[in-house]
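Below you'll find the structure, written out as structure tokens, and then a few comments.
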Amino acid sequence: MSPALRFLSRFIQSPQRIGSITPSSPTLVRTMLLDVRWDEVGTVAELGAGTGVITREIDALRPASSHFLCFENDPDMKRRLGREFPAVVIEDDAFRLPEALAAIGVPGLDCVVSGLPWVNFSPHDRFRLLADIHRLLNPGGVFVAFQYTRQLQEFLEATYHHVDRQYVWANIPPAFVFVCRKGLVSRASAPHRPARLARCESR
């Protein structure tokens, strides 16, 4: 079965967990990874790896000495990722990101790339994971996420030092890409901004 058909099959079985009907397009993958300074990345995490189309590019771009953690909660896709990427730490629960980092003895991340269906999470879970990502990013680190709406834009702009947004038409469906960079001296931490996130959720 091709990756596209496999992705569609898993979406039909569990739409809340998968969140899209097709893997990310090559254009979307390039747009997401273009602005990451890969030579400066010592630790990277991918959340919601799916069939591995973004995983494959990250694995090719990252330094050989870097740590790469990949999260995918669909059991079939997780098994396939483990077979294809034996040098990558494959986990199933993105909400255990802090524990996964602690298990390999790494205190923080230089880059987080997300393909998670944030709209499918409860407000509490969404905020908890976004707060963990911001807290675990090293100063100057980057969080890259694609979304089909601008639901999280206000929260991201209030939390990160710099946010760049692009719209990728060449994807099914078209998607927004948010590239968020944490300042060398961080703003107020994400857990202090639940009201902003609540407003974003209503859009």
Side-chain angles (χ1 to χ4, degrees), residues 1-4 6-7 9-11 14 16-20 22-26 28-118 120-121 125-126 128-138 141-147 171 175 177-180 182:
M1 185 184 296
S2 73
R6 187 181 310 124
F7 203 90
S9 172
R10 303 308 290 177
F11 174 81
S14 185
Q16 292 298 312
R17 293 173 65 180
I18 304 301
S20 179
T22 62
S24 302
S25 71
L28 180 58
V29 174
R30 285 195 300 271
T31 303
M32 292 185 70
L33 304 182
L34 182 63
D35 292 331
V36 178
R37 301 164 187 159
W38 289 104
D39 58 330
E40 301 176 5
V41 170
T43 306
V44 55
E46 182 189 8
L47 313 181
T51 59
V53 292
I54 298 177
T55 315
R56 200 167 296 113
E57 292 302 313
I58 293 174
D59 204 34
L61 290 167
R62 69 184 180 100
S65 59
S66 63
H67 297 280
F68 184 10
L69 295 88
C70 184
F71 294 80
E72 174 51 54
N73 69 358
D74 180 86
D76 179 59
M77 290 182 178
K78 180 175 180 281
R79 281 192 296 271
R80 292 175 182 276
L81 290 166
R83 288 197 294 267
E84 183 173 354
F85 305 103
V88 178
V89 177
I90 310 293
E91 301 283 353
D92 59 358
D93 187 359
F95 289 91
R96 294 188 59 80
L97 177 59
E99 291 84 355
L101 277 181
I104 63 171
V106 175
L109 291 156
D110 298 307
C111 179
V112 176
V113 178
S114 171
L116 291 174
W118 294 94
N120 291 348
F121 300 152
D125 286 347
R126 188 182 308 137
R128 170 190 159 199
L129 184 52
L130 286 168
D132 278 346
I133 291 168
H134 182 264
R135 177 175 57 83
L136 292 169
L137 275 176
N138 295 322
V142 62
F143 171 47
V144 184
F146 79 84
Q147 292 287 280
N171 192 69
V177 173
F178 296 95
V179 180
C180 313
K182 187 173 180 178

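- Here Arg56 does not pair with Asp59 in a salt bridge; the nearest charged N to carboxylate O distance is not below 4.0 Å.
- Judged by distance alone, with hydrogens and angles left aside, the side-chain atoms of Gln147 form a donor-acceptor pair with the main-chain N or O of Leu116 at under 3.5 Å.
- Contact between Thr43 and Val106 at its shortest, heavy atoms only, is OG1-CG1, 3.5 Å.
- In terms of modelled atom types and a separation under 3.5 Å, the side chain of Arg80 and the main chain of Gly52 share no donor-acceptor contact.
- You'll find the side chain of Thr51 reaches within 4.5 Å of the side chain of Met77, heavy atoms only.
- Once rounded to the nearest 0.5 Å, the distance linking CD of Glu40 with OG of Ser66 reads 13.0 Å.
- Between Ile133 and Leu47, some side-chain heavy-atom pair lies under the 4.5 Å cut-off.
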Open item on the list: Go through it in stages, so that I can follow the logic: the residues are Ile104 and Leu69, the test is side chain to side chain contact (heavy atoms under 4.5 Å, CB included), and I'd like the CA-CA distance, side-chain angles, deciding distance and then a yes or no.
Closed with: CA-CA 10 Å; Ile104 63 171; Leu69 295 88; 3.6 Å; yes
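- The distance from atom CZ of Phe143 to atom CG of Leu109, rounded to the nearest 0.5 Å, is 11.5 Å.
- Here the straight-line distance linking atom CG of Asn120 with atom CG of Asp125 works out to 11.5 Å at 0.5 Å rounding.
- Note that CD1 of Ile58 is 7.5 Å distant from SG of Cys70, once rounded to the nearest 0.5 Å.
- At a threshold of 4.5 Å between non-hydrogen side-chain atoms, the residues Asp110 and Val36 do not count as touching.
- The two atoms that bring Asp132 and Pro98 nearest to each other are OD2-CG, 3.8 Å, heavy atoms only.
- The CG atom of Leu101 sits 9.5 Å away from the CD atom of Glu99 when rounded to the nearest 0.5 Å.
- Without hydrogens or angle criteria, Glu91 side chain to Phe71 main chain gives no donor-acceptor distance under 3.5 Å.
- Here CD of Glu72 is found 8.5 Å from OG1 of Thr55. Values are rounded to the nearest 0.5 Å.
- Counting heavy atoms from C-beta on, the side chains of Ser24 and Phe146 come closer than 4.5 Å.
- Taking 4.5 Å as the limit, every side-chain heavy atom of Leu81 sits out of range of all side-chain heavy atoms of Val88.
- Listed here is the closest heavy atom pair of Met32 and Val144: O-CG1, 3.3 Å.
- For the pair Ile54 and Val113, the minimum side-chain heavy-atom distance is below 4.5 Å.
- In this structure, Trp118 and Ala145 approach most closely via the heavy-atom pair NE1-CB, 4.5 Å.
- Nearest heavy-atom pair, Arg126 versus Phe121, reported as atom, atom and distance to 0.1 Å: NH2-O, 2.7 Å.
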- [ ] Run the numbers on Asn171 and Thr31 for side chain to side chain contact (heavy atoms under 4.5 Å, CB included), then give the verdict.
- [x] CA-CA 11 Å; Asn171 192 69; Thr31 303; over 6 Å; no
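- Lys182 contributes a side-chain N or O that, together with a main-chain N or O of His134, makes up a donor-acceptor pair within less than 3.5 Å.
- Here the closest non-hydrogen pair linking Arg83 and Pro86 is O-CD, 3.9 Å.
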Open item on the list: For Lys78 and Ile90: C-alpha separation, side-chain torsions, deciding distance, then whether side chain to side chain contact (heavy atoms under 4.5 Å, CB included) applies.
Closed with: CA-CA 7 Å; Lys78 180 175 180 281; Ile90 310 293; 3.7 Å; yes
